[in-house]
Amino acid sequence: MATASTDQKVIVLDFGAQYGQLIARRVRDLHVYSEIMPCDASAEEIMAEHPSAIILSGGPASVYAEDAPKVDPKVFELGLPVLGFCYGQQIMAVTLGGTVGHTEKGEYGHATLTRKGESRLLDGTPAEQQVWMSHRDAVSAVPEGFTVTGTTETCPVASMECASRNLYATQFHPEVRHTPHGQDMLSNFLFKICKLEPNWTMEGIIDSMVADIRAKVGDDRVILALSGGVDSSVVAALMSRAVGKQVTCVFVNHGLLRKNEPEQVEEVFTKQFDVDFVHVHAEERYAKLLDGVTEPEQKRRIIGTQFWKEFFAVAQQLDGVKFLAQGTIYPDIIESGARKTGGKASTIKSHHNLIPFPEGVHFDLIEPLDHFFKDEVRALGTALGLPDHIVYRQPFPGPGLAIRIIGAVTPEKLEILKNADAIVREELDAYNAKLFEETGERNSEHSVWQYFAVLPDIRSVGVMGDERTYARPIILRAVESSDAMTADWAKLPYDVLGKISGRIVAEVPGVNRVAYDITSKPPATIEWE
Ligand code: XMP
């Protein structure tokens with residue numbers, strides 16, 4: 001959804017998975033709006049986005065490889081400032097008549113950059129400074145009109161520019177934290193070279209999003225599936241700010257949420273926000289459907305299918321609903337294959353098709369977060385007044401506790417797991433909060449990213465007082481991760497582990513043992529089912 005703050009836009013052409021995202025985030029950190037496009041976008045497609053500048057990302061390929069991604073040469077003729085990093089520098093060089101050499105050794109990690117002569121890009125940064133390198137190939141001869149502005153011991157063209165054509169490039173990666181002056185260089189590019197305004201700020205963004213939503217929705221009604229997760233909660237808060245009671249938030253309670261969670265969601269969206277809140281008590285229907293089901297994928301299918309049934313049952317009873325609001329975020333769009341399908345429009349379509357509209361039912365979609373990264377969504381949530389326990393909620397799977405109970409779900413097992421899980425969360429929330437206080441970073445190196453209890457389908461012998469027990473164990477799972485694709489088991493201090501174990505066994509009836517899962521992903525997954 002376009003907003004006033006997106007009038008200026010920096011397009012990042014992405015030459016390799018993940019590189020583009022990081023650059024776009026760094027640009028946005030400097031309060032300039034940035035979007036990613038696939039590297040093979042034509043100059044016409046790029047211009048259709050009305051960009052103010054273009055950045056060419058790094059990438060894993062070698063520019064001379066047969067299937068190496070190319071850039072449309074017309075990109076350099078548009079009169080727009082262009083900045084290239086790593087592969088971006090190399091592709092700029094070869095496209096404009098320079099040469100790139102293949103080195104056997106390459107250069108990986110910290111390097112010392114020595115500046116040479118004048119440089120608009122490096123202006124104000126030290127004559128000698130640390131930069132981060134990660135490459136095999138490197139520019140060996142710059143194109144006509146370019147000057148070399150920096151070198152390292154092994155890289156004769158560590159940075160180059162042609163100020164008269166507004167073209168700039170570095171072999172190193174200014175976008176990573178290991179290049180301490182990287183943001184200064186990006187800032188030089190955005191504000192001194194491109195003369196942009198830092199207008200991508202939370203207040204401005206919210207105001208213009210609210211205006212856009214009001215214009216789109218008019219007097220119609222909007223429905224929203226609220227899970228209590230960050231994304232749908234932020235959409236709900238935003239829609240509430242924009243159109244108030246015209247929004248109905250449907251909260252399907254499948255009975256598989258964590259202890260006290262349904263009550264918290266209801267409290268926030270009935271007391272704090274002005275929306276029409278429908279709490280669907282589907283606990284008994286889910287319990288019946290899941291009775292005796294042990295296979296994880298079958299559990300997922302049942303829970304997912306029933307969710308939409310419950311949701312559309314409410315939706316169809318409401319009059320005049322035209323829109324369905326969804327918490328789709330930018331990485332969902334990028335990662336669902338924009339690059340492969342060659343354009344955003346087709347990707348959004350395939351993404352939308354995931355909603356199983358019943359026969360004859362249709363709503364137009366509103367996805368106000370579809371250009372936001374996760375940390376921006378959290379910042380929006382905070383600015384809109386959502387409490388920290390929602391904004392900084394850890395990831396929680398849609399099928400809920402059902403996939404943390406190995407084997408069939410029963411009311412007794414659910415009760416045990418909810419109580420044990422509440423203790424795990426209480427202790428590790430406190431552990432994370434202490435780290436946050438000490439480091440000032442919410443996701444510091446040692447903070448735990450996702451943590452929960454698992455209930456396996458076995459019993460073991462124990463002794464409590466003078467009595468032999470034959471009861472259930474709880475497995476503690478706690479991982480460090482940034483995106484759930486890979487995860488490391490958390491090296492929790494023994495006293496924290498000891499306290500969690502002691503409390504669970506003492507406070508949760510039916511549990512006599514706690515084990516800690518010390519497997520990373522891969523080879524394990526984060527969840528047990
Ligand atoms: P795994 O277990 O695959 O989990 O390592 C990776 C991340 O995804 C979450 N997860 C799910 N989320 N529906 C969801 O919405 C699911 O069926 C599901 N399964 C796993 C998991 O909690 C972790 O953050």
Side-chain angles (χ1 to χ4, degrees), residues 18 224-235 250-259 261-262 265 282 286 289-290 293-308 310-311 326-329 331-333 335-336 351 354-356 369 373-375 377-378 390-407 409 414 417-418 420-422 424-425 428-429 432 442-443 447-456 474-490 516-529:
Q18 304 295 332
L224 166 79
L226 185 67
S227 67
V230 187
D231 304 338
S232 67
S233 298
V234 172
V235 174
V250 181
F251 174 61
V252 176
N253 184 351
H254 50 27
L256 304 163
L257 292 175
R258 292 169 289 191
K259 192 173 178 176
E261 212 164 28
V265 173
Y286 272 93
L289 286 166
L290 287 170
V293 177
T294 56
E295 209 277 314
E297 289 310 303
Q298 202 188 343
K299 287 182 187 171
R300 280 192 170 80
R301 264 193 307 279
I302 291 170
I303 295 166
T305 310
Q306 185 64 17
F307 174 85
W308 288 110
E310 300 280 349
F311 176 77
Q326 278 224 119
T328 312
I329 67 170
D332 299 335
I333 302 242
E335 281 151 24
S336 61
H351 180 83
L354 295 178
I355 301 177
L369 307 181
F373 290 111
K374 194 82 181 184
D375 47 357
V377 172
R378 293 193 210 279
I390 288 188
V391 169
Y392 292 98
R393 183 183 190 258
Q394 55 170 313
F396 185 68
L401 300 181
I403 58 165
R404 294 178 180 170
I405 293 174
I406 313 305
V409 177
L414 250 179
L417 184 60
K418 278 185 187 173
D421 185 71
V424 172
R425 279 192 294 145
L428 292 183
D429 283 352
N432 271 350
R442 221 175 253 283
N443 289 310
S447 49
V448 199
W449 190 75
Q450 194 173 8
Y451 39 99
F452 52 88
V454 176
L455 184 63
I474 280 288
I475 289 154
L476 168 64
R477 184 72 166 139
V479 296
E480 292 165 12
S481 177
S482 58
D483 55 10
M485 302 293 285
T486 59
D488 216 357
W489 63 276
Y516 188 31
D517 180 351
I518 53 166
T519 335
S520 291
K521 172 185 180 175
T525 49
I526 296 176
E527 301 290 347
W528 269 53
E529 282 200 334

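Computed from a prediction, not measured in an experiment: that's the story for all the values here. Order of listing sets the numbers, starting from 1, for every ligand and every atom in it.
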Arg404 N/O to ligand 1 N/O under 3.5 Å: no
Test item: Asn432 side-chain N/O and Asp429 main-chain N/O as donor-acceptor pair under 3.5 Å: no
Test log, rule side chain to side chain contact (heavy atoms under 4.5 Å, CB included), inputs Ile303 and His254: CA-CA 8 Å; Ile303 295 166; His254 50 27; 3.9 Å; yes
Ligand-residue contact atoms, ligand 1 with Pro395, heavy atoms, under 4.0 Å: 24 (O)
Under 3.5 Å donor-acceptor, Arg393 side chain and Gly228 backbone: yes
Nearest-neighbour protein heavy atom for atom 19 (N) of ligand 1, which is reported as residue plus atom name and distance: Arg300 NH2, 2.9 Å
Backbone of Val454 reached by a side-chain donor or acceptor of Arg404 within 3.5 Å: no
Ligand-residue contact atoms, ligand 1 with Ala484, heavy atoms, under 4.0 Å: 6 (C), 7 (C)
Ligand 1 versus Pro397: contacting region, heavy-atom distance under 4.0 Å: both
Within-cutoff protein neighbour (heavy atom, under 4.0 Å) for atom 8 (O) of ligand 1: no
Nearest neighbour in protein (non-hydrogen) for atom 15 (O) of ligand 1: Gly398 N, 3.0 Å
Test side chain to side chain contact (heavy atoms under 4.5 Å, CB included) applied to Trp489 and Asp517, step by step: CA-CA 7 Å; Trp489 63 276; Asp517 180 351; 5.9 Å; no
Nitrogen or oxygen atoms of Phe396 and ligand 1 under 3.5 Å apart: no
Donor-acceptor under 3.5 Å (Gln298 side chain, Val293 main chain): no
Top protein contact for atom 23 (C) of ligand 1, by heavy-atom distance: Gln450 OE1, 3.4 Å
Proximal candidate to atom 2 (O) of ligand 1 [heavy atom criterion; set Glu527, Glu529, Arg477]: Glu527
Sub-3.5 Å N/O-N/O distance, Trp449 and ligand 1: no
Side-chain (Tyr286) to main-chain (Phe307) donor-acceptor, under 3.5 angstrom: yes
Side-chain (Lys299) to main-chain (Gly407) donor-acceptor, under 3.5 angstrom: yes
Nearest protein heavy atom with distance in Å, relative to atom 13 (N) of ligand 1: Pro399 CD, 3.3 Å
Candidate pair Phe452 and Leu401, rule side chain to side chain contact (heavy atoms under 4.5 Å, CB included), full reasoning: CA-CA 10 Å; Phe452 52 88; Leu401 300 181; over 6 Å; no
Protein contact to atom 3 (O) of ligand 1 [nearest heavy atom, distance to 0.1 Å]: Lys521 NZ, 3.6 Å
